[in-house]
Each structure stands twice: as structure tokens, then as C-alpha cells.
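All remarks here apply to the structure that follows.
As the structure is a computational prediction, the values presented were derived from the model and not from experiment.
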Amino acid sequence: MIIKRNPFHLWLFSFFVLFLYSMGIYDLFMMLSHNQNYYVSHGYGLQVTDYFTNYPIYFLVLWVTNLLGGFFSPFLLIIRSKWAKTLALTSTVADLLLLLFTFIFRNRFNVLGVSVAVFDIFILGITFGWYLYCRYIDKHMTGV
């Protein structure tokens, strides 16, 4: 079996996704710890604090699944593990379900606003793109 060196774009995309999901993990801790300075710095008010107070566990599971899949899949892709693609897909599905369910059942759009909704959908698109990229690497690079 011949293993090719990781191309530059693999490193670039992996570090970008890792950075993005590191920020997401930071956001998770700030939101769920009700860090008032963080809320204020983002222009969030009492409605957002209430939204994240007693956040339902099933939504938290989806959120954490999305973040962990997005965080660990770049590491796995760099070492050419087939699990990278699986984690990227898991992250995408968890994010999609989280957004759908919280928009429908938690009034996410009205609580967090248009800009956050657009950003969340943008992140979903990046996560899906990351999954497609992992599939591409899996298919076109020997040793993945």
C-alpha cells in the first residue's frame, strides 16, 4: 500500500475546521455557564439567558455530538483514518437536527435573531462541505 503525503489543502482545511469547532466548544461553555460578559459582548439579553437555562438534554446531546465530531474529524483526517468521514457526517447530521428541532420547538429564530440563524446555517454548510471533503480525500487519496 502506497501512502501519499498529506497535501497542503488537507492541512489548511483541517486547521480551519479545527479552529471553527474550537470556537464552537468555547461558545458552548460560555453559553451554558451563563457567562454574562460573554452574553453582553454578543448583545444577548435576558431572553437568551432564559433560552439556555435548563437547556434540554436531548438538544445538548446533539450540540455536543456536533462539536465533538467537528473537532476530532480533522485530527483523524490528518492521520488518514476512515473514521474522519464518519465523524464529519455525524457532526453534520447532529447540527442539522439541532437546528431543525430548536427552530421548530425552541423558537431559536426569534430568541437568537436573524444574524445568528444565518451564521448557524452557514456553519451547517461548512460542516457538510467538510464531510464532502473527507469523502473526497477518502476516495482519491491512497491509504485513507
Side-chain angles (χ1 to χ4, degrees), residues 4-141 143-144:
K4 296 180 183 178
R5 292 181 63 196
N6 288 338
F8 177 73
H9 55 82
L10 188 146
W11 290 98
L12 183 69
F13 294 151
S14 293
F15 282 117
F16 173 72
V17 170
L18 181 61
F19 171 76
L20 187 71
Y21 274 90
S22 295
M23 296 304 296
I25 291 169
Y26 175 76
D27 184 61
L28 170 84
F29 284 109
M30 291 297 106
M31 297 304 273
L32 295 181
S33 68
H34 303 295
N35 184 309
Q36 292 304 314
N37 291 332
Y38 187 76
Y39 284 1
V40 169
S41 72
H42 285 81
Y44 297 146
L46 183 59
Q47 193 175 16
V48 173
T49 304
D50 291 343
Y51 180 87
F52 287 105
T53 300
N54 299 319
Y55 197 67
I57 190 72
Y58 37 88
F59 293 140
L60 184 60
V61 167
L62 289 172
W63 194 2
V64 169
T65 300
N66 164 247
L67 291 173
L68 292 179
F71 182 80
F72 286 111
S73 61
F75 292 111
L76 293 174
L77 190 63
I78 287 170
I79 65 169
R80 304 290 185 88
S81 170
K82 288 188 179 285
W83 285 100
K85 182 174 61 174
T86 302
L87 276 182
L89 178 61
T90 301
S91 179
T92 301
V93 171
D95 196 22
L96 175 64
L97 292 174
L98 178 65
L99 292 180
L100 284 174
F101 292 152
T102 55
F103 279 130
I104 294 169
F105 299 112
R106 293 278 294 175
N107 200 20
R108 181 184 186 101
F109 185 81
N110 290 331
V111 171
L112 297 172
V114 175
S115 62
V116 172
V118 169
F119 182 74
D120 289 341
I121 293 167
F122 175 71
I123 296 299
L124 175 61
I126 288 174
T127 305
F128 181 65
W130 173 248
Y131 163 69
L132 294 176
Y133 180 74
C134 289
R135 280 186 52 186
Y136 168 80
I137 293 298
D138 184 37
K139 185 175 181 179
H140 291 92
M141 303 282 301
V144 180

Next item on the list: Report the relative orientation of the aromatic rings in Phe13 and Tyr133; use parallel for angles under 30°, tilted for 30 to 60°, perpendicular for over 60°.
Entry: perpendicular
Margin query: So, taking the atom named CG in Leu18 and the one named CD1 in Ile78, what distance separates them when rounded to the nearest 0.5 Å?
Written below: 7.5 Å
Item checked: Listed partners of Asp95 passing side chain to side chain donor-acceptor pair (under 3.5 Å), at least two apart -> none
Next item on the list: Look at the side chain of Ser91 and the backbone N and O of Leu87, then say whether any donor-acceptor pair between them is shorter than 3.5 Å.
Entry: no
Checklist line | Atom pair CZ (Phe103) and CG (Asn110), whose distance is rounded to the nearest 0.5 Å | finding: 10.0 Å
Next item on the list: Measure the CZ-OG distance between Phe122 and Ser115 for me, rounded to the nearest 0.5 Å.
Entry: 14.0 Å
Check: Closest heavy-atom contact between Leu62 and Ala94?
Finding: O-CB, 3.5 Å
Next item on the list: Output the distance between atom CG (Leu96) and atom CZ (Phe101), rounded to the nearest 0.5 Å.
Entry: 8.5 Å
Checklist line | Distance in Å, Phe59 CZ paired with Leu99 CG, rounded so as to fall on 0.5 Å steps | finding: 11.0 Å
Margin query: Show every side-chain hydrogen bond (donor to acceptor under 3.5 Å, both in side chains) that has at least one partner inside residues 36-53, sequence neighbours left out.
Written below: Asp27-Tyr38, His34-Tyr39
Please set out all donor-acceptor pairs under 3.5 angstrom arising from side-chain atoms of residues 124-131, sequence neighbours excluded.
from: Thr127; atom 1: OG1; to: Tyr21; atom 2: OH; distance (Å): 2.4
from: Thr127; atom 1: OG1; to: Ile123; atom 2: O; distance (Å): 2.8
from: Trp130; atom 1: NE1; to: Ser73; atom 2: OG; distance (Å): 2.8

Item checked: Ring centre gap for Tyr55 and Phe52 strictly below 6.0 Å -> yes
Notebook entry, point to check: So do the side chains of Asn66 and Leu98 get within less than 4.5 Å of each other, counting heavy atoms only?
Noted result: no
Margin query: Rounded at 0.5 Å granularity, tell me how far CG in Leu60 sits from CG in Asn54.
Written below: 12.0 Å
Checklist line | Over all atoms of both residues, closest heavy-atom pair of Gly70 and Val17 | finding: O-CG1, 3.5 Å
Item checked: Heavy-atom pair of closest approach, residues Lys85 and Cys134 -> CA-CB, 3.8 Å
Notebook entry, point to check: Nearest heavy-atom pair of Phe71 and Pro74: which atoms, and what distance?
Noted result: O-CD, 3.2 Å
Check: Would one find more than 12 heavy atoms of other residues, nucleotides or ligands at under 6.0 Å from atom CZ of Arg106?
Finding: yes
